[in-house]
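If you read the sequence from its start, that first residue is 1, and numbering goes on from there.
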Amino acid sequence: QWQLVESGGGLVQPGGSLKLSCTASGFRLDDYAIAWFRQTPGKERERVSCINGSGDWTNYADSVKGRFIISKDKAENMVYLKMNSLKPEDTAVYYCAARFVSCSLSLSYDHWGQGTQVIVSS
């Protein structure tokens, strides 16, 4: 059974850091691009970052560029999103999603996790 599970969300003060994890089971991430999306109530789901299947290409939304880092651990079959210098506007539910080989800006991903809540507040 193919599954993606996010973890690592929580409450953090502005300027703080969190590291989100996306664990895959039932398939290997080597062949899949993994993207992190986020969504707040009433807004469209936004792609924050993506890493391709081989792990040698990454992309970031302008809003997080220079603050977030995406990485892939093929041995552990996991993808991480290290979030630094967090701002209140980063508050959202964060989802990881898998798509065969390459990233897409659209929501056309094959598998989605259930999401993990991130709250940035003092």
Side-chain angles (χ1 to χ4, degrees):
Q1 182 178 355
W2 292 26
Q3 192 175 22
L4 290 172
V5 178
E6 303 94 338
S7 61
L11 173 65
V12 63
Q13 291 187 342
S17 297
L18 279 176
K19 187 175 184 179
L20 305 183
S21 300
C22 175
T23 304
S25 58
F27 66 104
R28 294 296 307 172
L29 290 181
D30 304 53
D31 296 325
Y32 284 82
I34 299 294
W36 285 96
F37 287 80
R38 66 186 181 188
Q39 189 170 26
T40 55
K43 292 189 176 181
E44 292 185 355
R45 197 166 290 192
E46 170 195 24
R47 198 187 83 177
V48 172
S49 182
C50 191
I51 186 166
N52 68 348
S54 58
D56 59 1
W57 183 89
T58 59
N59 183 265
Y60 299 91
D62 288 343
S63 58
V64 306
K65 201 171 292 183
R67 299 189 297 124
F68 290 11
I69 301 171
I70 191 169
S71 61
K72 177 181 283 190
D73 186 331
K74 294 182 180 180
E76 297 295 325
N77 216 33
M78 297 178 69
V79 170
Y80 303 99
L81 185 69
K82 182 66 186 302
M83 306 186 296
N84 301 310
S85 303
L86 283 162
K87 306 174 181 180
E89 51 264 43
D90 295 318
T91 295
V93 177
Y94 284 72
Y95 301 87
C96 64
R99 186 174 186 272
F100 187 63
V101 178
S102 61
C103 296
S104 171
L105 282 172
S106 73
L107 299 178
S108 59
Y109 283 72
D110 304 306
H111 306 283
W112 290 83
Q114 294 297 309
T116 185
Q117 177 74 57
V118 171
I119 300 174
V120 184
S121 175
S122 54

A.B. asks: More than 12 foreign heavy atoms under 6.0 Å from CD of E44: is that the case here?
C.D. replies: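 Check fails, neighbour count at 12 or below.
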A.B. asks: If only atom types and distance count, is the side chain of T91 paired as donor or acceptor with the main-chain N or O of V120 below 3.5 Å?
C.D. replies: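 Present.
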A.B. asks: Run the side chain to side chain contact (heavy atoms under 4.5 Å, CB included) check on Y95 and Q39 step by step: do they pass?
C.D. replies: CA-CA 8 Å; Y95 301 87; Q39 189 170 26; 4.2 Å; yes
A.B. asks: Between L4 and W112, is the side chain to side chain contact (heavy atoms under 4.5 Å, CB included) condition met? List the steps.
C.D. replies: CA-CA 6 Å; L4 290 172; W112 290 83; 5.7 Å; no
A.B. asks: Verify, without hydrogens or angle tests, whether N77 (side chain) and A24 (backbone) share a donor-acceptor contact under 3.5 angstrom.
C.D. replies: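 Yes, N77 side chain to A24 backbone: donor-acceptor pair under 3.5 Å.
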A.B. asks: Would you say the side chains of N84 and S17 form a donor-acceptor pair under 3.5 Å?
C.D. replies: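 The criterion, which ignores hydrogens and geometry beyond distance, is satisfied for S17 and N84.
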A.B. asks: L29 and V79: which non-hydrogen atoms are nearest, and at how many Å?
C.D. replies: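 The pair with the smallest heavy-atom distance is CD1-CG2, 3.8 Å.
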A.B. asks: Check K65 with D62, please: is the shortest side-chain N to carboxylate O separation under 4.0 Å?
C.D. replies: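 A salt bridge is present here (some side-chain N lies under 4.0 Å from a carboxylate O).
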A.B. asks: When rounded to the nearest 0.5 angstrom, what distance separates OG in S71 from NZ in K19?
C.D. replies: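 With rounding to 0.5 Å, OG (S71) is 5.5 Å from NZ (K19).
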A.B. asks: Over all heavy atoms of both residues, which pair between S104 and Y109 is shortest? Give the atoms and the distance, please.
C.D. replies: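 It is O-OH, 2.7 Å.
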A.B. asks: Rounded to the nearest 0.5 Å, how far does OH of Y32 lie from NE2 of H111?
C.D. replies: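 Nearest 0.5 Å value for the NE2-OH distance: 5.0 Å.
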A.B. asks: Do any N or O atoms from the side chain of E6 and from the backbone of T116 form a donor-acceptor pair under 3.5 angstrom?
C.D. replies: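 Answer holds: no.
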A.B. asks: Name the residue from V12, L18, I70 that meets the side-chain contact (heavy atoms from CB on, under 4.5 Å) definition with M83.
C.D. replies: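 By the side-chain contact (heavy atoms from CB on, under 4.5 Å) criterion, M83 pairs with just one of V12, L18, I70: L18.
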A.B. asks: Sub-3.5 Å donor-acceptor pair from the side chain of R47 to the main-chain atoms of A61, do we have one?
C.D. replies: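 Judged by distance alone, no pair lies under 3.5 Å.
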A.B. asks: Would you name the heavy atoms of D31 and F100 that are closest together and state the gap between them?
C.D. replies: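 Result for this residue pair: O-CD1, 3.6 Å.
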A.B. asks: Taking all non-hydrogen atoms of both residues, which atom of W36 and which atom of S21 are closest, and how far apart?
C.D. replies: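 In this case the closest contact between W36 and S21 is CH2-O, 3.6 Å.
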A.B. asks: Decide side chain to side chain contact (heavy atoms under 4.5 Å, CB included) for F37 and V93; before the verdict, give the C-alpha distance in whole Å, the side-chain angles of both, and the deciding distance to 0.1 Å.
C.D. replies: CA-CA 8 Å; F37 287 80; V93 177; over 6 Å; no
A.B. asks: Taking all non-hydrogen atoms of both residues into account, name the closest pair between E46 and S63 and its distance.
C.D. replies: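 Between these two residues, the closest heavy atoms are OE2-OG, 3.5 Å.
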A.B. asks: How far apart are the closest heavy atoms of A33 and C103, and which atoms are they?
C.D. replies: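 Closest pair (atom of A33, atom of C103, distance): CB-N, 3.7 Å.
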A.B. asks: Please determine whether side chain to side chain contact (heavy atoms under 4.5 Å, CB included) holds for the pair D110 and W2, giving the CA-CA distance in whole Å, both sets of side-chain angles, and the decisive distance to 0.1 Å.
C.D. replies: CA-CA 10 Å; D110 304 306; W2 292 26; 5.6 Å; no
A.B. asks: For the side chain of K72 and the backbone of N52, is there at least one donor-acceptor N/O pair under 3.5 Å apart?
C.D. replies: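 Such a contact is found between K72 side chain and N52 backbone.
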